[in-house]
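Encoded as structure tokens, the structure appears first; notes follow it.
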There are 2 protein chains.
Amino acid sequence: MHSSAQHDELVYFPSWTAGRNGYADRIRQLFQEYHQKQGLRMTKQRNRILDYLLNTDHHVDMNEIYNALKGHGVGKVTVFRALKMLQEAKLVERVHDSDGRARYEVQHERPHHDHLVCVQCGRIQEIQWPQIEKIQDKTCKDVGFERTFHRHEVSGDCKDCRKKNTAAK
Amino acid sequence: MHSSAQHDELVYFPSWTAGRNGYADRIRQLFQEYHQKQGLRMTKQRNRILDYLLNTDHHVDMNEIYNALKGHGVGKVTVFRALKMLQEAKLVERVHDSDGRARYEVQHERPHHDHLVCVQCGRIQEIQWPQIEKIQDKTCKDVGFERTFHRHEVSGDCKDCRKKNTAAK
DNA sequence: ATACATGCAAACGTTTTGCACTTAG
DNA sequence: CTAAGTGCAAAACGTTTGCATGTAT
């Protein structure tokens with residue numbers, strides 16, 4: 001699987017960012033299997049919605065998907081219901097941005113990752129922090145807390161926006 | 001201030017958890033000063049809302065405050081506007097829960113802290129993780145990201161709940 | 001006295017549902 | 001053919017605003 005050395009350092013650009021197509025195909029397969037298992041029907045709308053999700057590298061909201069696809073016979077409600085279905089299938093995860101609005105991302109069968117969220121351009125950069133996970137584990141053990149999940153978001157200004165800022169002066 | 005040794009280890013029960021009253025008084029003072037500076041008026045409603053916030057140990061939403069105070073001449077809209085004002089005064093911070101609903105907490109003039117959230121009893125244990133902050137700083141510098149804020153929540157089962165679970169068997 | 005604060009009701013934006021029509025299997 | 005899927009419009013939901021009334025200064 002993710003065969004490259006799993007050392008203890010930070011991994012800024014995780015290995016799974018490569019080979020995205022194989023990954024996308026795997027999701028599409030699970031998507032189909034879920035339909036069969038649940039007696040659901042594949043439609044062009046659902047396929048387009050999943051495609052959109054698989055071809056984006058950031059967390060999208062319902063409207064973004066709707067706007068991108070509305071010319072192609074996909075309604076807002078369908079996007080809503082497809083996203084709901086995809087969540088039930090555990091293929092998409094719902095998160096919320098800093099204003100509390102819902103955003104979605106393809107659920108990754110891959111190492112847990114944290115987020116660098118740019119407050120200017122909204123871009124979300126994903127990062128793996130194995131060191132931090134280790135520290136968490138140790139502390140949790142010490143205080144008798146059993147960790148099941150964690151959310152770690154760092155907000156600030158990304159490289160590009162900072163460059164623009166200084167250029168604008 | 002927080003005079004105790006600021007070493008690099010985890011601090012499970014930070015020093016500022018003691019002396020909560022002094023802390024509350026400080027906030028009330030800033031609250032009053034903000035009113036004077038801005039030419040605002042102190043009202044019983046606003047005082048009650050601030051008191052409620054100061055006497056709770058978890059992140060509350062508008063409705064919780066409203067329900068607690070509606071018998072005492074405090075309307076929903078007033079809670080809303082008071083919270084808005086408190087945010088402008090930098091005394092209250094607005095966050096969002098996992099469903100995207102707004103929640104509020106008194107803004108702490110104290111070291112940044114992270115949260116251990118028990119999914120069973122809902123209790124939130126606060127933790128300082130200076131080691132983790134260090135790692136963040138280093139990574140952010142490496143990728144050219146300027147960190148302004150971070151949110152770090154670890155979910156799981158707390159010591160007490162786990163004890164209860166095994167006892168129940 | 002006079003701004004500022006309050007609370008009702010109504011506007012708002014987003015998410016969700018009811019229902020008649022369409023379509024994949 | 002028929003149960004599932006779609007899309008419109010409308011309900012539901014939380015948040016926010018307009019305006020007449022109340023009140024701290």
Side-chain angles (χ1 to χ4, degrees), chain A residues 28 31-53 59-89 91-105 122, chain B residues 28 31-52 59-89 91-105:
Chain A
R28 269 187 270 262
F31 182 63
Q32 216 210 60
E33 284 171 13
Y34 185 80
H35 275 86
Q36 291 179 340
K37 204 183 303 176
Q38 306 289 319
L40 306 179
R41 290 164 191 181
M42 297 282 272
T43 63
K44 64 182 199 304
Q45 286 95 335
R46 282 185 186 160
N47 278 319
R48 283 193 177 129
I49 291 163
L50 179 65
D51 267 351
Y52 187 87
L53 283 163
H59 301 188
V60 301
D61 63 12
M62 238 175 62
N63 249 318
E64 177 178 336
I65 305 176
Y66 171 62
N67 286 326
L69 302 180
K70 65 182 163 192
H72 307 266
V74 179
K76 211 165 196 166
V77 190
T78 301
V79 176
F80 168 69
R81 280 192 270 237
L83 288 169
K84 194 173 180 179
M85 187 267 260
L86 283 163
Q87 285 172 78
E88 274 154 19
L91 295 175
V92 158
E93 189 191 355
R94 174 184 170 146
V95 296
H96 291 91
D97 68 14
S98 53
D99 284 327
R101 250 164 255 151
R103 291 182 162 276
Y104 302 84
E105 67 171 330
Chain B
R28 268 187 271 261
F31 182 63
Q32 217 212 59
E33 284 171 12
Y34 185 80
H35 275 85
Q36 292 180 339
K37 204 183 303 175
Q38 306 289 320
L40 306 178
R41 290 164 189 180
M42 297 282 273
T43 62
K44 63 182 201 304
Q45 286 94 336
R46 282 185 185 160
N47 279 317
R48 283 195 178 127
I49 291 164
L50 179 63
D51 267 350
Y52 188 86
H59 301 188
V60 299
D61 62 12
M62 237 175 63
N63 250 318
E64 178 179 333
I65 305 177
Y66 171 63
N67 286 326
L69 302 180
K70 65 182 164 192
H72 305 268
V74 179
K76 211 165 193 166
V77 190
T78 301
V79 176
F80 168 69
R81 280 193 270 236
L83 287 169
K84 194 172 182 180
M85 189 267 262
L86 284 163
Q87 285 172 78
E88 275 153 19
L91 295 175
V92 158
E93 189 192 355
R94 174 183 169 146
V95 297
H96 291 90
D97 68 15
S98 52
D99 284 327
R101 250 163 255 151
R103 292 184 160 273
Y104 303 84
E105 69 171 328

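In what follows, every chain begins at residue 1, and chains take the letters A, B, ... in the order their sequences are listed. Because the structure is a prediction, the values reported are computed rather than measured.
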How does protein contact run along nucleotides 15-25 of chain D, one letter per nucleotide 5' to 3', with B for base contact, S for sugar-phosphate only, - for none, heavy atoms under 4.0 Å?
SSBB-----BS
Classify the side-chain pair A:Glu64/A:Tyr52 by whether it contains a donor and acceptor separated by less than 3.5 Å.
yes
side-chain contact (heavy atoms from CB on, under 4.5 Å) partners of B:Arg101, counting only residues at least two apart
B:Asp97, B:Asp99
Output the rounded distance in Å from CD (A:Gln38) to C1' (C:dA24).
17 Å
Where the side chain of B:Arg46 meets the backbone of B:Leu86, is there a donor-acceptor pair that is under 3.5 Å apart?
no
Nucleotide C:dT15, atom P - distance to CG of A:Asp99 in whole Å
12 Å
Separation of C:dA5 atom P from B:Leu86 atom CG, nearest Å, is 12 Å
CG of A:Asn47 versus C1' of C:dT23: gap in Å, rounded?
14 Å
Looking at B:Ile49 and B:Ala82, what are the two nearest heavy atoms and their distance?
CD1-CB, 3.6 Å
Between P on D:dG14 and CZ on B:Arg103, what's the gap in Å once rounded to a whole number?
12 Å
A:Tyr66 atom OH is separated from C:dT16 atom C1', nearest whole Å, by 16 Å
Would one find a side-chain N or O of A:Gln45 under 4.0 angstrom from OP1 or OP2 of D:dG7?
yes
For the pair made of CZ in A:Arg46 and C1' in D:dG7, what is the distance, rounded to whole Å?
14 Å
